[in-house]
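Notes to accompany the following structure.
Please read these numbers as outputs of a predicted model, since none were measured by experiment.
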Amino acid sequence: MSYWLFKSEPDTFGIDDLKARGKKGEPWDGVRNYQARNMLRDDVKKGDLIFFYHSNTKVPGIVGVAEVIKDAFPDPTQFDPEAKYYDPKSSQDNPRWFCPQVRFKSKFKSTISLDELKQIPALQDMALVRKGNRLSVMPVSEDQWHFIMGMVQE
DNA sequence: GCCAACGTTGGC
DNA sequence: GCCAACGTTGGC
């Protein structure tokens, strides 16, 4: 099993939105970056756990945990001319973008802020805390996962 | 809202 | 294949 961190803007789709989807979860669609795509398509697997990260908000940080309930499949929004994430260069025969299905697992009592994470020496290898990083999907090591879970308030 | 960082596009 | 122009991300 692997661990991940997925970013999302709470104004667009936050952890409460995922919670509201209930058991069936939500396709993690709209990712349009090749590095992130490759991870979603090749490495993110059913059963993996995800830190849900809120970006572009007052206090950016990890707000809870989600789980992958289905391996990635072609992202339907790339084929829909009406969709924000429509990609005219993609085709049904040769889809370019993929999304796994994810489901809400838990929400932390308080956000583990980016600011806090940056101050922890054990987490300096995380892409998240490195300057200029814009990846919206990134791997989290088992050690990092457990360390961060240890910061969660009861 | 600003802007640094970085990815993508397209002319050559 | 280079690289300038442009677009997007995301912290602040």
Can you hop from A:Phe98 to A:Leu5 via hydrophobic side chains spaced under 4.5 Å?
-> no
Do you know which of A:Leu117, A:Val140, A:Val152 makes side-chain contact (heavy atoms from CB on, under 4.5 Å) with A:Ile62?
-> A:Leu117
Contact pattern, 5' to 3', of nucleotides 3-12 of chain C - B, S or - by protein heavy atom under 4.0 Å = ----BBBBBS
Result of checking A:Phe13, A:Phe52, A:Phe51, A:Trp28 against A:Phe6 for ring-ring contact (aromatic ring centres under 6.0 Å, His included) = A:Trp28
Measure centre to centre between the rings of A:Trp97 and A:Tyr34, then say whether the value is under 6.0 Å.
-> yes
Only one of A:Arg96, A:Arg37, A:Arg32, A:Arg41 passes salt bridge (charged side-chain N to carboxylate O under 4.0 Å, His left out) with A:Asp75, and that residue is A:Arg32
